[in-house]
Number of protein chains: 2
Amino acid sequence: MATHIEDPVDGLLGYHLRRVSVQSMADFSTALARLELRPAEASVLFVIGANPQVTQSQIGRMLGIKRANMTPLVASLARRGLLRATPKDGRSQGLALTAKGTTLARKARAAADQHDRRFFGALSTEERRALLGQLRALWHQRRRAATDEG
Amino acid sequence: MATHIEDPVDGLLGYHLRRVSVQSMADFSTALARLELRPAEASVLFVIGANPQVTQSQIGRMLGIKRANMTPLVASLARRGLLRATPKDGRSQGLALTAKGTTLARKARAAADQHDRRFFGALSTEERRALLGQLRALWHQRRRAATDEG
DNA sequence: TATTGTTATACTCTATAACTATA
DNA sequence: TATAGTTATAGAGTATAACAATA
């Protein structure tokens with residue numbers, strides 16, 4: 001029998017947020033592993049699918065991935081025949097999903113939706129709506145603050 | 001003027017959860033940097049402060065840090081004179097904060113509380129209470145599921 | 001001058017496997 | 001047999017700096 005241990009971080013919202021986020025990502029990673037995709041790769045496919053001819057710099061800005069890290073990520077997806085790059089102008093290239101990429105992105109999206117339903121299924125529709133709204137608000141608020149500084 | 005880009009992950013709760021969690025951790029890391037502490041180190045100090053003579057394996061289980069990763073973490077805090085290890089039995093050691101460690105832990109805790117107030121300050125008291133309750137519920141639910149599997 | 005894409009590099013966090021000493 | 005602690009190592013994710021080519 002284990003002695004009871006006090007949890008001194010139980011009152012911290014930020015701690016709980018991170019803890020649940022880590023769980024969620026771990027579950028989602030497992031679900032995506034069947035498709036040989038990682039969460040970052042899946043999100044890139046989603047953005048390209050919804051925005052044909054988007055550039056990798058634009059994707060990086062939207063998803064919070066640095067330019068330097070987009071390069072190997074996009075190269076890997078291109079190597080697997082999931083996307084095709086066509087020059088937009090001399091320095092940038094528009095990205096689009098191939099047929100294979102479209103199929104895989106659709107499966108990944110289904111996995112993401114299923115993960116969301118499972119992981120947050122215990123919350124009522126109203127709770128989920130409220131949670132989504134709060135997270136969006138927190139994100140935009142902090143984003144504004146960062147923009148003001150930078 | 002940037003062309004509008006569709007955000008295809010805007011409806012995914014898991015995505016928003018992770019995004020906000022990353023922001024929160026980045027802000028907290030910055031706040032802790034003044035104290036030359038990282039979030040994981042601060043959380044370890046908190047647990048030791050609330051549970052004198054706790055072992056590093058117990059801390060790891062509570063915080064979700066692997067035994068193998070606790071070793072250098074605890075060694076680093078000991079080297080800085082923040083905690084003291086005394087043998088409990090032949091194979092385990094009880095950890096306790098030194099005076100210096102207690103002082104630093106108190107400052108780190110103040111930073112954590114301030115971070116929480118700032119970062120989640122836009123939410124009403126009721127919203128924060130609800131959010132904390134939902135995050136706790138999600139965590140325990142998934143934890144139960146993992147225990148059932150394993 | 002600013003931006004795109006690239007390379008090289010490094011740090012943190014996390015994970016596994018193998019080992020010892022002890023319970 | 002199970003647990004505590006250690007060591008070595010590897011993989012992700014993320015970060016910066018510097019560069020060439022182009023806008």
Side-chain angles (χ1 to χ4, degrees), chain A residues 1-3 5 15 18-19 21-30 32-33 36-44 48 53-79 83 85-95 146 150, chain B residues 1-3 5 15 18-19 21-30 32-33 36-44 48 53-79 83 85-95 146 150:
Chain A
M1 201 54 196
T3 308
I5 302 177
Y15 178 75
R18 175 170 178 282
R19 191 156 76 160
S21 167
V22 167
Q23 281 183 337
S24 170
M25 288 304 290
D27 283 1
F28 186 41
S29 288
T30 301
L32 279 180
E36 293 180 275
L37 282 176
R38 284 166 296 182
E41 294 173 329
S43 64
V44 166
I48 298 173
Q53 298 311 315
V54 70
T55 70
Q56 66 190 56
S57 287
Q58 288 175 314
I59 300 171
R61 276 191 293 271
M62 163 165 288
L63 296 176
I65 303 173
K66 301 273 177 202
R67 274 200 329 283
N69 298 326
M70 284 299 300
T71 297
L73 211 167
V74 166
S76 167
L77 296 175
R79 222 178 300 117
L83 60 83
T86 52
K88 272 187 115 158
D89 58 31
R91 67 181 174 185
S92 63
Q93 47 189 346
L95 305 178
Chain B
M1 201 55 194
T3 307
I5 302 178
Y15 180 75
R18 173 169 179 281
R19 192 155 76 161
S21 168
V22 167
Q23 280 184 337
S24 170
M25 288 304 290
D27 283 2
F28 186 41
S29 287
T30 302
L32 280 180
E36 293 181 274
L37 281 177
R38 284 167 296 182
E41 294 173 329
S43 64
V44 166
I48 298 173
Q53 297 312 314
V54 70
T55 71
Q56 66 190 56
S57 287
Q58 288 176 313
I59 300 172
R61 276 191 294 271
M62 164 166 287
L63 297 176
I65 303 174
K66 301 271 177 204
R67 276 201 327 285
N69 298 324
M70 284 300 300
T71 297
L73 212 168
V74 166
S76 167
L77 296 174
R79 221 178 299 117
L83 60 84
T86 53
K88 273 187 115 158
D89 58 30
R91 67 182 174 183
S92 63
Q93 48 189 346
L95 304 178

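Please read these numbers as outputs of a predicted model, since none were measured by experiment. First the proteins, then the strands, lettered A, B, ... as listed; each starts at 1.
The backbone N or O of A:M25 lies less than 3.5 Å from a partner atom in the side chain of A:S29, making a donor-acceptor pair.
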(request) Please test A:R18 against A:V22 for side chain to side chain contact (heavy atoms under 4.5 Å, CB included), starting from the C-alpha separation and ending with a verdict. (result) CA-CA 6 Å; A:R18 175 170 178 282; A:V22 167; 4.3 Å; yes
(request) Test B:S92 against B:D89 for side chain to side chain donor-acceptor pair (under 3.5 Å), laying out the working first. (result) CA-CA 6 Å; B:S92 63; B:D89 58 30; 3.1 Å; yes
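Close to D:dG11, at under 4.0 Å from its OP1 or OP2, lies no side-chain N or O of A:R38.
Side-chain contact between B:Q56 and B:I65 is absent, with no heavy-atom pair separated by less than 4.5 Å. Using a 4.5 Å cut-off on side-chain heavy atoms (C-beta onward), A:Q58 and A:R61 make contact.
Each of A:I65 and A:G90 has a nearest nucleotide on DNA chain D; the 5'-most of these lies closest to A:I65.
A:L95 CG to A:K88 NZ: the interatomic distance, rounded to the nearest 0.5 Å, is 9.0 Å.
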Between protein and nucleotides 3-6 of chain D, what N or O pairs are separated by less than 3.5 Å?
{"residue": "D:dT3", "atom": "O2", "partner": "B:R91", "partner atom": "NH1", "Å": "2.6"}
{"residue": "D:dA4", "atom": "OP2", "partner": "B:R61", "partner atom": "NH1", "Å": "3.4"}
{"residue": "D:dA4", "atom": "O3'", "partner": "B:R91", "partner atom": "O", "Å": "3.4"}
{"residue": "D:dG5", "atom": "OP1", "partner": "B:Q93", "partner atom": "N", "Å": "3.1"}
{"residue": "D:dG5", "atom": "OP2", "partner": "B:S57", "partner atom": "N", "Å": "3.0"}
{"residue": "D:dG5", "atom": "OP2", "partner": "B:S57", "partner atom": "OG", "Å": "2.7"}
{"residue": "D:dG5", "atom": "N7", "partner": "B:R67", "partner atom": "NE", "Å": "2.9"}
{"residue": "D:dG5", "atom": "O6", "partner": "B:R67", "partner atom": "NH2", "Å": "3.3"}
{"residue": "D:dT6", "atom": "OP2", "partner": "B:Q56", "partner atom": "NE2", "Å": "2.9"}
{"residue": "D:dT6", "atom": "OP2", "partner": "B:T71", "partner atom": "OG1", "Å": "3.1"}

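Counting to the nearest Å, the C1' atom of D:dA12 and the CZ atom of A:F28 are 16 Å from each other. Atom-to-atom, CG of A:L37 to P of D:dA12 comes out at 13 Å; the value is rounded to the nearest Å. Summarising the geometry, the separation between CG on A:L73 and P on C:dT6 is reported as 12 Å, rounded to the nearest angstrom. For the pair A:E41 CD and D:dT14 P, the interatomic distance rounds to 12 Å; values are reported in whole Å.
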